[in-house]
Amino acid sequence: MSKSLDWDSLNYELLPWIKNAIEVMGYDQMTPVQASTIPMFVGNKDVVVDSVTGSGKTVAFVIPILEKIVKEATHLKKGHFHSLIISPTRELSRQIQTVINSFLQHYPDSETKPIKSQLLVGTDTKTIRDDVASFLEERPSILVGTPGRVLDFLQIASVKAQLCSMVVLDEADRLLDISFSKDIEKILSFLPKQRRTGLFSATITSAGSNIFKTGLRNPVKIKVNSKNNSPTSLSLNYCVVDTHDKLIHLLNLLNNYRFKKCIVYFPTCISVTFFYGFIQYLQKQNNSVLTIDESLQFYSLHGKLQTSSRIKTLEAFTEDLNNSVLFTTDVAARGIDIPDVDLVIQLDPPTDSDIFMHRCGRTGRANKIGKAITFINSGREEDFIPFMEVKNVTLEPMNEVLKEISEETSNNFYDLFKKWILQDRARFDLSIKSYVAFIRHYSNHTASSIFRLQNFSYTGLAKMYGLIRIPRMPEVTKYLQKSDVLEVYDDGWLVTPPIDLNKFSYADKKREQARLQELENLRKIQDKKKLKFDLKKKNMAWSNKVATKESKSIRREKMSLKRKLIEEELANQSSSDDDDNIVTQDWKEEIMQNKRKKKDTGIQGSFDDL
Ligand SMILES: Nc1ncnc2c1ncn2[C@@H]1O[C@H](COP(=O)(O)OP(=O)(O)OP(=O)(O)O)[C@@H](O)[C@H]1O
């Protein structure tokens, strides 16, 4: 392992054009992970690299790949490639390709065969056939892509993988987890066994023994130590807040804290869309409760957006030099390298504690100062702090940055939120969907003893999401507490009198027309059914009527017995408090919901039933 971080102290001479690229990029010295990894990976060793976020792992595998291509890939035939880099997201793959290309810009023109790279990610415009055509035409030596697309590509007969001699799994623990591992195994089965393999991540230990599924041969483990499992330039803080005021705290923080670029992590895609819409309204609207600084520029990015829009947003956020704020999900948690991000806010801790460090690590990169603030819901979630301490991640409290929120402000803000929702049924739908998605998300926490649905403030959450009605979910109805933040009226309404949902319209004219049409259809069907039923009843023979009555009373008896059994079962369940019960009850609710759906054929997609 090299002790000096001087580029000249490597145990071999870097190619002159690579040296030139390094100089132009302004990398005066190697980072520790580069000093340890480059000589090993160039020297034909398999490597497993564990190094904190923002420590320069990308260059640590890009340089060895480029060095080896120059030495080995001069005779590559059509349809073959030299190296394959796989990463979990399109954004990260694109970013890796940008780093490769910024090196390749310095590759001398005098060389007869240029070195090229190709990106393999799903897009709205390019098919896999397009990828193959451009591969055969352009003859790239390096392929970079996401698992699904890479696998599809390798399955095409004209693509030959026999000469691939280097493979890198960036964010390897993620690629080896349950969602990607099957694809990765298949991809690796296409590659020759005699190859070099590099696994890179800031949380590689989470992959456990899965790393050996990658066919590593006598790998060298490179761990760049850090005291706090995070870069020293990154400070990790938390604030304990009441759930119902969390959005106000977030907005106050964005208004008052000085930053260049901030990333805010939301729990779900739909919550990004929902809160992004509301915050844009607040910024435009002159209101007396909470105004948002005009200079703040908001962006939203999540995995359900089209690729082209994801690319545009990321580029615009990267280029924006003013106070810009990106609302996003874990799609932008790993690997994304945006210069000048100096603040990261997590609205909630992630469901997987590994993601916590990846999210925080979007700031404090390459020795630049950064701050990551995580909101913790008051109650039980404070236990998250010692839980992370055990994982060698120390979080410091910083409640002093938060402004006190009076009850009056809190209620006025909620009224403003509800007013916005009542302007458009689409917002009402979104509010309910976001709320439901959050609860489902919350129930997926791996640290389920800390993040317990039983302890959650459901009305506090409803206030935070501006709900006008609490959806009928088993998780919610089971744990609604009398002492909660909001008064819940009949049928889950949080406003009185309740809203007539038949008259609650969409602002979008087409959507509203479709809704009215559906309502009309439903009414017709119900009228027809009623007519049919009345006729049948009228025409039925007296003896049949008696028989029907009898069978009805038998059915009623059976039903009441069944109900009793279910009630007993539920009573038993609520006395023990584990999350499995929630799943069971959820299942029952699902059956009931399905039955309800079958009954009322129209109006699906409205949330009247939730
Ligand atoms: N030798 C170097 N000197 C200075 N800056 C560097 C050097 N090498 C890389 N960087 C810069 O460090 C930043 C982080 O690099 P990179 O994205 O490779 O980190 P990483 O370790 O892969 O992080 P993550 O685990 O979050 O993916 C980049 O902006 C990169 O330009």
Side-chain angles (χ1 to χ4, degrees), residues 2 4-10 14 18-39 41 47-66 85-89 91-103 105 144 168-175 198-207 222-226 229-234 261 263 265 314 318 328 330-342 344 354-370 372 393:
S2 283
S4 165
L5 296 178
D6 215 358
W7 287 104
D8 289 328
S9 67
L10 281 172
L14 283 170
I18 291 187
K19 263 187 170 175
N20 191 15
I22 289 168
E23 211 176 298
V24 172
M25 288 176 199
Y27 299 162
D28 299 336
Q29 284 195 315
M30 291 184 274
T31 63
V33 69
Q34 291 161 0
S36 313
T37 309
I38 295 172
F41 211 19
V47 290
V48 178
V49 180
D50 182 2
S51 171
V52 290
T53 52
S55 56
K57 293 187 285 295
T58 315
V59 168
F61 60 75
V62 166
I63 290 183
I65 285 178
L66 295 173
I85 301 165
I86 308 171
S87 89
T89 63
E91 283 78 5
L92 186 50
S93 297
R94 197 171 292 278
Q95 185 180 294
I96 294 168
Q97 195 202 22
T98 308
V99 174
I100 294 170
N101 289 348
S102 56
F103 273 93
Q105 273 175 15
V144 191
V168 165
L169 304 189
D170 193 21
E171 307 296 343
D173 53 324
R174 175 77 180 111
L175 292 175
L199 310 185
F200 292 77
S201 178
T203 47
I204 194 90
T205 40
S206 302
I222 295 166
K223 183 167 170 64
V224 178
N225 283 324
S226 157
N229 266 352
S230 68
T232 43
S233 56
L234 171 62
K261 274 194 170 68
I263 300 182
Y265 285 100
L314 209 56
T318 308
T328 191
D330 286 336
V331 76
R334 281 178 180 260
I336 297 298
D337 183 55
I338 300 170
D340 299 327
V341 172
D342 48 359
V344 163
D354 278 344
I355 292 291
F356 181 85
M357 271 330 299
H358 288 285
R359 284 177 170 185
C360 295
R362 294 319 97 205
T363 183
R365 300 173 73 72
N367 275 333
K368 286 189 188 152
I369 298 292
V393 174

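First listed ligand is number 1; within each ligand, the first listed atom is number 1.
- Ligand 1 has no nitrogen or oxygen under 3.5 angstrom from a nitrogen or oxygen of Asp28.
- Atom 9 (C) of ligand 1 has Gln34 NE2, 3.6 Å as its closest protein atom, hydrogens excluded (heavy atom only).
- If you check which protein heavy atom lies closest to atom 13 (C) of ligand 1, you get Asp337 OD1, 3.6 Å.
- Closest to atom 23 (O) of ligand 1 among all protein heavy atoms lies Gly54 N, 2.8 Å.
- The existence of a salt bridge linking Arg334 and Asp173 is confirmed by a sub-4.0 Å separation between a basic side-chain nitrogen and an acidic carboxylate oxygen.
- At least one donor-acceptor pair closer than 3.5 Å links the side chain of Gln95 to the backbone N or O of Gly335.
- Every N/O-N/O distance between Thr53 and ligand 1 stays at or above 3.5 Å.
- Heavy-atom separations between Arg334 and ligand 1 are all 4.0 Å or longer.
- In this structure, Arg362 counts as a contact residue of ligand 1, since one of its heavy atoms falls inside 4.0 Å of the ligand.
- With rounding to the nearest 0.5 angstrom, the OG1 atom of Thr53 is 6.5 Å from the CG atom of Leu234.
- At a 4.0 Å heavy-atom cut-off, ligand 1 touches Glu171 through the side chain alone.
- Here the heavy atom of the protein found nearest to atom 12 (O) of ligand 1 is Ala366 CB, 3.3 Å.
- Using a 4.0 angstrom heavy-atom cutoff, Ser51 does not count as in contact with ligand 1.
- Tyr27 OH, 3.5 Å is the protein heavy atom nearest to atom 30 (C) of ligand 1.
- The residues Lys368 and Asp342 are annotated as not salt-bridged, no charged nitrogen and carboxylate oxygen being separated by less than 4.0 angstrom.
- Protein heavy atom at the shortest distance from atom 18 (O) of ligand 1 is Thr58 OG1, 2.7 Å.
- By the 4.0 Å heavy-atom criterion, Gln29 is counted among the residues contacting ligand 1.
- Residue-level proximity to ligand 1 for Arg365 is carried by the side chain, the only part with a heavy atom below 4.0 angstrom.
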